[in-house]
Structure formats: structure tokens, C-alpha cells
There are 2 protein chains.
Amino acid sequence: MAGARRVANDPQRKQRILDAALVVIAGHGVHRTTHRRIAEQAGVPLGSLTYHFESLDAILEQAFAHLGESMSERYGAALAAAPDLAAACAAVTDLICGDEYATEREQTLIYEMYAYANHNATVAETGRRWIARSHASLRTHFSERASRAIDALIEGWSIHQAYERKLLDRTLVLDTVTAIAERLR
Amino acid sequence: MAGARRVANDPQRKQRILDAALVVIAGHGVHRTTHRRIAEQAGVPLGSLTYHFESLDAILEQAFAHLGESMSERYGAALAAAPDLAAACAAVTDLICGDEYATEREQTLIYEMYAYANHNATVAETGRRWIARSHASLRTHFSERASRAIDALIEGWSIHQAYERKLLDRTLVLDTVTAIAERLR
DNA sequence: GGAAAGTGTGTACGTTCGTACACAGATTAC
DNA sequence: GTAATCTGTGTACGAACGTACACACTTTCC
């Protein structure tokens, strides 16, 4: 066949590099994330990173995009499974309190993403899309106004939970979500 | 007099360096904050940073501590000035919506602090103190439960506001805060 | 005056970084 | 087989980094 039809030796390598990047970011922070650390984590040679990605920024951009994608799907699925408003409130409470949807590692990564987004337009766009998708998921159950408030609540409570390193009072969360849902129709 | 009583040439230099550090962090992010950039911003020689601070981490730690301190004071003052519950709700709304208390620059810095705190124990403690002081300020007006919820709301909505780069609906915020204050007594 | 001691700076060193790139290996076309 | 072409890697280089430190300056003490 004319020209090109070569097969990559390791077709999943690119994804493995991105996964490794997230591990490094979560463990060391963006400020200490380097090509070499990612390469070591992924078990690939250094040159492989520059072969697959244009720059370190490009790796971070795609890694964060991947993170946002997978988390949006889980959030969407959790809310889509709720049959009614009460179940949706419970689902939101689970999102906030549980670690089934966002592990501690992912929470760490989200802060890194927010911080990095302030200095990188592409990641800022990724963050906005993540927020928009969360909002859309909430809108299937809650009013526009309630969705906005609950969205903020999820964000803020997740931060506090990560900081205080202790379990949230589930009843308090559920009461708050329910209060917002009922008052902001 | 015996031993030591030398006077520093520039007694405010240490503080100026910390202020410069915050400017650099806000402008470039922690991941691109260096001794040299801070020195340039502060208008002091490079050696001056290593003379006043043990390491770059130490500079960041003290800069973030300074940030938390000054913001806590403003938050506390805003809430202390409120004569009753309704005024407190309005004050919280101002905190979330206005930029009198937290400028856009400071919002950026707070994300940087949260992200960095995940990798630095001292800054993590600074963050916890900031959260504790915010909570204490809220507690002068709101119940324990309402304070927790409102605290999370402030945090989350500030993030969304910074992302969407548009003014929040003040009525929505006030309604939400009031709903929480009334329902979570 | 001179010695002592603390304050502050310029420079230089060793390390680590991002990235370029020559080249090796594999596959295809003939 | 050989040539061509694409995939992938090891190495090396210039730049930027954190930090140490010799030394200059200023003040204090006698």
C-alpha cells in the first residue's frame, strides 16, 4: 500500500503516559512534575515523551482533560441513575461524602487542575467544560437556580473534606442539599 | 552595649519579598515561582532571598501564611460588622459576590495555596487555620451546622465565579444563604 | 584611630531541567 | 535481496535552577 501503514509497537503507550502524569501530579504537584518523573512512573524512556507529546504543557493539558472526562462520566452516571428528586439529593450527598466517585487522589488532582488552569488557557477550558457538564447533570433533576447552588456546594465541601481529613456529617449534607432543592425551585 | 544591636538597613525588606512572592505566584503559578523572579519583582538582589529565608519552600510557606492572615482579618471584620442574622446573610453574599474582600488575584492565590498545601505540611496547616477562622467568624451569627454549609458554599461559589468570569446572581446567592441559615438552625 | 561583629551582596558551582536530534530497529514495497 | 519509510530511543546540550559562600560594607565598642 502506498506510503504509510506502520503499526505502533505499543498503541496504549500514550495513554499510559497520561495516566503516569496524573500519578506524578497527585504525588508531587504540578510544580515538581517533570518529563523524567513521568517517564520513570510510566516505565518508558525519556525520549518517548517528546516523541508522543509536543511539550510538558501538552502532557499536562491532555492529562487534565482525561481526568475531567472520566470524572464527568461518573458524576453524570450517578445522577442519571436517580429516579426522583429525593434520590437525586441522596446521590449528590454521596458525591460529596463518599469516595466512590472521587478518590482522595482525584480530589488532589482537581485542586492542581484549578490552580494550573489560572496559568494555562487550555486547562482553563477543560475546567469550564467540567463545570458545565456537572451543571447539566444537575439540571436533569434540579432547577437552574438550585443547580447552581448545589454545584457550588459540592465543590466547596469537597475541599473542606479533603482538608479536615475527616468524614463529613452525612445528615448535614443531605439536609442542606434538600433545603436548597426545595427552596430554590 | 555588649554583643549585638545592629540595625537592619531595610527593615521592611523581608515583608517586601513576601509580597513580591505573592505577586509572582499569582502571575506565574507556584510551578514557575523562582528565587530570581521574586527577587526581580521585589527589586532586591538574589542573595537577599537566601539571606532572609532558608529556602524557596520557606518563602512560599510564609507568603501563604501572610495571605491567610490578611484575608481572615477581612472576613472576620465583615461578619463582625453585621448587627443581625439578615445583615450577616448579606455580608456573606458580599463575600461571595463582591471583589472588595477577595480580589481576583487573591482568588488565584487561594487555589495555588490549596494545591500546594497537598504537598507541604506547613501550608496545609495554614489552610486549616484559615478554614477554622472562617468557621469561627460564621459561628458568631449562624448555627454550627449552618456555618459548615455556608462555609462550603463560599468556597465553592468563589471557584465557580473565578472560572466563569462573570458576575454572580446576587439574589440567588442571598436566597441560598438565607435558606441555609433558616433551615439549619 | 583600629578591632570586632553583624548586615547584605555578587558570583559561581553543581544539579536538574526541557528539548533536540542522530541514529537504531522494524516494516513495507519492489 | 535492497531501498525507502516510519517508529521509537539514548544521549547530549544549553538554559535555568537552588543554594553556598567569600567578601564588601556598616556599625559598635574600645
Side-chain angles (χ1 to χ4, degrees), chain A residues 1-25 27-64 112 116 119-123, chain B residues 1-25 27-64 112 116 119-123:
Chain A
M1 200 170 280
R5 192 57 53 89
R6 303 293 137 67
V7 179
N9 292 349
D10 185 355
Q12 296 160 354
R13 170 163 296 191
K14 202 166 173 179
Q15 188 56 53
R16 279 224 320 279
I17 292 172
L18 293 177
D19 290 340
L22 291 178
V23 172
V24 173
I25 294 168
H28 296 84
V30 165
H31 66 297
R32 282 185 187 146
T33 294
T34 66
H35 277 117
R36 285 166 177 81
R37 267 196 254 263
I38 297 171
E40 189 186 16
Q41 174 69 38
V44 303
L46 175 61
S48 188
L49 299 211
T50 57
Y51 177 73
H52 286 287
F53 300 93
E54 198 170 323
S55 68
L56 185 56
D57 280 337
I59 297 177
L60 296 178
E61 288 163 10
Q62 292 179 42
F64 281 130
E112 293 288 339
Y116 189 63
H119 310 284
N120 180 300
T122 302
V123 175
Chain B
M1 199 172 282
R5 191 60 49 91
R6 301 295 136 63
V7 179
N9 291 349
D10 185 355
Q12 295 160 356
R13 169 162 296 190
K14 201 166 173 178
Q15 188 54 55
R16 280 225 319 281
I17 291 172
L18 292 178
D19 290 340
L22 290 178
V23 172
V24 173
I25 294 168
H28 296 85
V30 166
H31 67 297
R32 281 187 188 144
T33 295
T34 67
H35 277 117
R36 285 165 177 83
R37 266 196 255 262
I38 296 171
E40 189 186 15
Q41 173 69 37
V44 302
L46 175 62
S48 188
L49 299 212
T50 57
Y51 177 72
H52 286 288
F53 300 93
E54 198 170 323
S55 67
L56 185 55
D57 280 336
I59 298 178
L60 296 178
E61 287 163 10
Q62 292 179 42
F64 280 131
E112 293 287 339
Y116 190 63
H119 310 283
N120 180 300
T122 303
V123 176

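Order of the sequence lines sets the chain letters (A, B, ...), proteins ahead of strands, with each chain counted from 1. Computed from a prediction, not measured in an experiment: that's the story for all the values here.
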Answer whether the closest heavy-atom distance between the side chains of [X] and [Y] falls below 4.5 Å.
X: B:Phe64; Y: B:Asn120; value: no
X: B:Thr122; Y: B:Tyr116; value: no
X: A:Ile17; Y: A:Leu49; value: yes
X: A:Arg37; Y: A:Thr33; value: no

Whole-Å gap separating [atom2] ([N]) and [atom1] ([X]):
X: B:Glu40; N: D:dA16; atom1: CD; atom2: C1'; value: 14 Å
X: B:Leu49; N: C:dT7; atom1: CG; atom2: P; value: 17 Å
X: B:Ile17; N: C:dT9; atom1: CD1; atom2: P; value: 9 Å
X: B:Tyr51; N: C:dT7; atom1: OH; atom2: P; value: 4 Å
X: A:His35; N: D:dC13; atom1: NE2; atom2: P; value: 19 Å
X: B:Gln12; N: C:dG8; atom1: CD; atom2: P; value: 13 Å
X: A:Arg32; N: D:dG18; atom1: CZ; atom2: P; value: 10 Å
X: A:His28; N: C:dT16; atom1: NE2; atom2: P; value: 13 Å

Which nucleotide in the list [options] gets nearest to the side chain of [X]?
X: A:Arg13; options: D:dT9, C:dG8, C:dG18; value: D:dT9
X: A:Thr50; options: C:dC17, C:dA12, C:dA20; value: C:dA20
X: A:Leu56; options: C:dT19, D:dC17, D:dT9; value: C:dT19

Exercise for the section: Test for a donor-acceptor pair under 3.5 Å between the base of D:dG18 and the side chain of B:Arg36, counting only N and O atoms. Expected result: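 It does, because a donor-acceptor pair links the side chain of B:Arg36 to the base of D:dG18 below 3.5 Å.
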Handout entry: Shortest non-hydrogen contact from B:Glu112 toward A:His119
Key = OE2-NE2, 2.8 Å
Handout entry: B:Ser48 side-chain N/O to C:dT9 phosphate OP1/OP2 under 4.0 Å
Key =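 Yes.
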Exercise for the section: Answer with base, sugar-phosphate or nothing: what part of the nucleic acid does A:Thr34 contact at a heavy-atom distance below 4.0 Å? Expected result: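 The answer is sugar-phosphate, as A:Thr34 gets under 4.0 Å only of primed atoms, P, OP1 or OP2.
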